[in-house]
Structures are given as structure tokens and as C-alpha cells.
Amino acid sequence: MYGEILLSEPLVVLQTDNVLETCKGLLANKQVLLVTSNSFSKAGWPRTLQEQTGIDICAVVDNIQPNPQRKDLESLHQRLKGESVECVLALGGGSVLDSAKVLSRMLTEQSLSENWLAPECLWEGPPIPVIAIPTTAGTGSEVTPFATVWDSQEQKKYSLGQVRPTTAIFAPSLTLSLNREQTLYPALDALSHALESLWNRHRSELSESRALKAIALICDALPKTLAQPHNIEARTALQQAAMWAGLAISETKTAIAHAISYPLTLSYAMPHGLACSFTLKAILAEQQACFNVPTQYVDKIKALLDKLQLSVEVERFVSPSKLLAEFNTDLDPTRAANYAGDISHQALKRILERSLYTSKRC
Ligand SMILES: [Zn+2]
């Protein structure tokens, strides 16, 4: 159902109705580090995995917080570096998957250099293989080679590269119990990934086709899922969309909407999926001519975002006046420079104002 996936590193993508059986087949006779969320741990997944599959789980990490912090990952490295981990099994949302990917890299070293998050940091060998089972639909972390690490104290965000999972397992039934926010924000992240890869200097025919697949799926399946949370077809479509969008940004990386988002997540704890999506419609309106987004897709996206009224969601984290007063329009160039258009400081202010005050006018 996923067709051929062309990547520079091998990635196996599976879909299953029986996670336990699939894990059993992949992880027999391996020492496994399980990284999962507190809720899956409380629901008994570590024990179930061990008892029903016979997997040798040598350690469990189940205290991952949203937006994984550098200091917490360094503490986990201290705790786990003595274990002989042969495979990391990640079962959770984007933060769990990112943490597992980072740990798969960290645990290849007994001691970390001070600059372990810097792009120039040299690692001795490849990361430990990661099997990623997403329990949300949106971040695409299960297929991307990046993982985001945050340092809230220092107000910094890092992106660790070359940590793509070896296997992504989609089990849409695991997403059936997600609430509205847990459904909406990751799906918006996927929509942002798709658009960011389209208006990107590094776009290719392949990344464009993947991004457009993602947009079509999200515009159809997100309203259905919000209206009928137990609609398994719609949930399946959202996971597929997240995968296609994740593969698109694997090639292009993200761009301006993500550059805008990072300070908002650092300063106001705004969830990533909201922070990187509430400006999408205004960005589309600002410079539509230079975007490689077909009109029929633009119309669908605008209709979806109009309905969602994201400015109201943003106000739960920060008032529009405070955000506008405090926002530094010197964006993180590592992402903003990928944007194919040319956004001035004034245009950026206009985008923020439109996104915060006039969500219907753009
Ligand atoms: Zn994102």
C-alpha cells in the first residue's frame, strides 16, 4: 500500500493490526530498550510486550516529556550507557520517537562530548537500529532522519541528523483513543511539513508528489477524524499522510513556518503542531505566486484552516498583542533559508498579524 520508498538509507515500512506479533518477528533474540510514553507504560505495554512476545527488554524509559530536553536525555544516557542495547523500540508520539532516535545515537558512546548536538560532532559508529511505532499521526518522526532536542533553560533548539529509524510500524488502531488536541496538532504538523517542502528551495519532483499526497489525505481525513474519532479509515489516512509529509521533509527539511514556530514553543510552550501551522494560511496568501502549490490544493487547505480557527487555539498560550510585541523577526536561518520566497521583516509581521487577528480575511 505504500509503494516504493526511495531513500538514501534503508527504511522498512509496515502496517499491522497486530503490533505484538509484528514486534515478535522483528525483535526475537535481541536486547531491546523500550522507549514509550507514561500512558502506554501505565496501560501495561512493557509487560505485555515481554510476556506475550518473549522479547528481551533490558530497560524501559517511560518518562519522556513533550519536547525532549537536552538535560533529561543526558541523564538517560548516564543511566543506560552500561546496557548492551541491540535495538531501540519506540512506542509513542513524536517526542517519544525523537527521544528514542537520540538515545540510539547517544548509546553508541560511553561518554559524550560537550558538543554532541552540534552538526560537526563526530560519532564512532552508526546509531543502534530503531523500530518506531507512532501512536499519533503527524510528526513523521518514524520516517525522518532528524530528531529535535530542546534546551528550555538556554532557550535553544537543536536538530540531530542521521537518526532515521530502520523500521516504521503503523498500527492505526493505536490512535483511536487520541483526544481532539492529540489528533489535531500532529495532523497540523504534517500539513505544515507538506507545505514547507513545497515552498522549499530543495524541493524535487519526488518531494512534491509526496507532499501533495499528504495534503490531499489530511484535507479529507482530518475533518472526518475530528467528527468521528473512531473512524479507522480516516485514522489510517492520517498516518499515511504523516508518513508522506515526513518523507517529503526528509529530502527538503522544513522552512519558514517551522522557523517561526521554535521561539513560540520555547517561550510560551505552544505545542509544535500548532506553532508551525497557525501561520500557513497567511504565508500562502502573502506570496502565493512563488509557491509551487497547485490552486486546487490551496483552496482545500484554506477551507480546512478557516474551519479550524487556529488563532483561537493560539490565544490559549499567549495573547496576540504579547506575541507580536515580543516576536523577534530575525528567524533561525537554518530553517528560514530553505524557504523559496523572500520574506521581509515587514512581511513577516504582516503574516503574524493576519494569522492572529484575521484568520478569515487572508
Ligand atoms: Zn514539524
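Quick note: residue numbers are just sequence positions, from 1. Keep in mind that the numbers below use all heavy atoms, side chains included, and drop hydrogens, waters and symmetry copies.
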Exercise for review: Step by step, work out the salt bridge (Lys or Arg N to Asp or Glu O under 4.0 Å) result for Arg210 and Glu205.
Suggested key: CA-CA 9 Å; Arg210 288 170 170 174; Glu205 249 176 62; over 6 Å; no
Point to revise | Leu11 and Thr166: CA distance, side-chain angles, deciding distance, side chain to side chain contact (heavy atoms under 4.5 Å, CB included) verdict | key: CA-CA 5 Å; Leu11 167 73; Thr166 48; over 6 Å; no
Review point. Does the side chain to side chain contact (heavy atoms under 4.5 Å, CB included) test come out yes or no for Thr175 and Leu238, once each step is laid out?
Key: CA-CA 10 Å; Thr175 67; Leu238 284 183; over 6 Å; no
Exercise for review: Could you walk me through whether Arg354 and Glu286 pass the side chain to side chain contact (heavy atoms under 4.5 Å, CB included) test, one step at a time?
Suggested key: CA-CA 10 Å; Arg354 282 180 162 181; Glu286 180 68 31; 4.1 Å; yes
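A salt bridge does not link Lys349 to Glu353: none of the charged nitrogens lies less than 4.0 Å from a carboxylate oxygen. Using a 4.0 Å cut-off between charged side-chain N and carboxylate O, Glu181 and Arg316 make a salt bridge. With respect to Glu142 and Arg164, no salt bridge is recorded, no charged nitrogen being found less than 4.0 Å from a carboxylate O. Residues Asp306 and Lys281 are paired through a salt bridge, judged by an N-O separation under 4.0 Å between the basic side chain and the carboxylate.
Although no hydrogens or angles enter the test, the distance criterion places no donor-acceptor pair under 3.5 Å between the side chain of Thr279 and the main chain of Ala257. A donor-acceptor contact shorter than 3.5 Å is absent between the side chain of Ser41 and the backbone of Ser37. Looking only at distances, a side-chain donor or acceptor of Thr135 sits under 3.5 Å from a matching main-chain atom of Gly93. Here the side chain of Ser261 pairs a donor or acceptor atom with the backbone of His258 at under 3.5 angstrom. In this structure, the side chain of Ser209 engages the main chain of Leu206 through a donor-acceptor pair within 3.5 Å. At distances below 3.5 Å, not a single donor-acceptor pair connects side-chain atoms of His193 with backbone N or O atoms of Gly246. Put simply, the side chain of Ser95 gets close to the backbone of Asn67: a donor and an acceptor are under 3.5 Å apart. For Lys101 (side chain) and Thr144 (main-chain N/O), a donor-acceptor pair under 3.5 Å exists by modelled atom type. A donor-acceptor contact shorter than 3.5 Å is absent between the side chain of Ser207 and the backbone of Arg203. Without hydrogens or angle criteria, Asn338 side chain to Thr254 main chain gives a donor-acceptor distance under 3.5 Å.
Note that OG1 of Thr329 is 9.0 Å distant from CG of Leu352, once rounded to the nearest 0.5 Å.
More than 12 heavy atoms of other residues, nucleotides or ligands shown are found within 6.0 angstrom of CG on Asp330. No more than 12 heavy atoms of other residues, nucleotides or ligands sit less than 6.0 Å from atom CD of Gln153. Counting heavy-atom neighbours within 6.0 Å of Arg201 CZ, excluding the residue itself, gives a total above 12.
When the side chains of ILVMFWY residues are joined at heavy-atom separations under 4.5 Å, either directly or via intervening members, Phe327 and Leu280 end up in a single hydrophobic cluster. Under the 4.5 Å side-chain contact rule for hydrophobic residues, Leu91 and Leu76 do not share a cluster.
Taking every heavy atom of both residues into account, Ile133 and Val19 meet most closely at CD1-CG1, 3.8 Å. When all heavy atoms of Phe317 and Leu274 are compared, the closest pair comes out as CE1-CD2, 3.7 Å.
Side-chain contact check for Asn179 versus Gln182: some heavy-atom pair is nearer than 4.5 Å. A 4.5 Å side-chain heavy-atom check between Ser152 and Arg70 finds every atom pair outside the cut-off. In this structure, the side chains of Leu34 and Val88 stay at 4.5 Å or more apart for every pair of heavy atoms. Side-chain contact between Arg180 and Tyr185 is absent, with no heavy-atom pair separated by less than 4.5 Å. Counting heavy atoms from C-beta on, the side chains of Pro119 and Tyr158 never come closer than 4.5 Å. Proximity of Met270 to Val318: side-chain heavy atoms (C-beta onward) are separated by under 4.5 Å at one or more points. Side-chain atoms of Leu264 and Phe278, non-hydrogen and from C-beta on, do get closer than 4.5 Å to each other. By the 4.5 Å heavy-atom criterion applied to side chains, Ile131 and Cys87 are counted as neighbours.
Under 3.5 Å, the side chains of Glu196 and Thr252 contain no donor-acceptor pair of N or O atoms. At a cut-off of 3.5 Å, with distance as the only test, no side-chain donor of Lys253 or Thr334 sits close to an acceptor on the other residue. The closest side-chain donor-acceptor pair between Gln69 and Asp72, if any, does not fall under 3.5 angstrom. Tyr262 and Gln155 are not linked by any side-chain donor-acceptor pair at a separation below 3.5 angstrom, with hydrogens and angles left out of the test. A donor-acceptor pair shorter than 3.5 Å can be found between the side chains of Asp98 and Ser141. In this structure, a donor-acceptor pair under 3.5 Å is absent between the side chains of Asn18 and Thr16. Looking at Glu109 and Trp116, their side chains never bring a donor and an acceptor atom within 3.5 Å of each other.
For the pair Lys157 and Trp150, the NZ or CZ position fails the cation-pi test of under 6.0 Å to the six-membered ring centre and within 45 degrees of the ring normal.
In this structure, Phe40 and Trp45 have tilted ring planes: the angle between them lies in the 30° to 60° band.
Each of Leu49, Ile55, Thr48 was scored for a side chain to side chain contact (heavy atoms under 4.5 Å, CB included) with Gln52, with one residue passing: Thr48.
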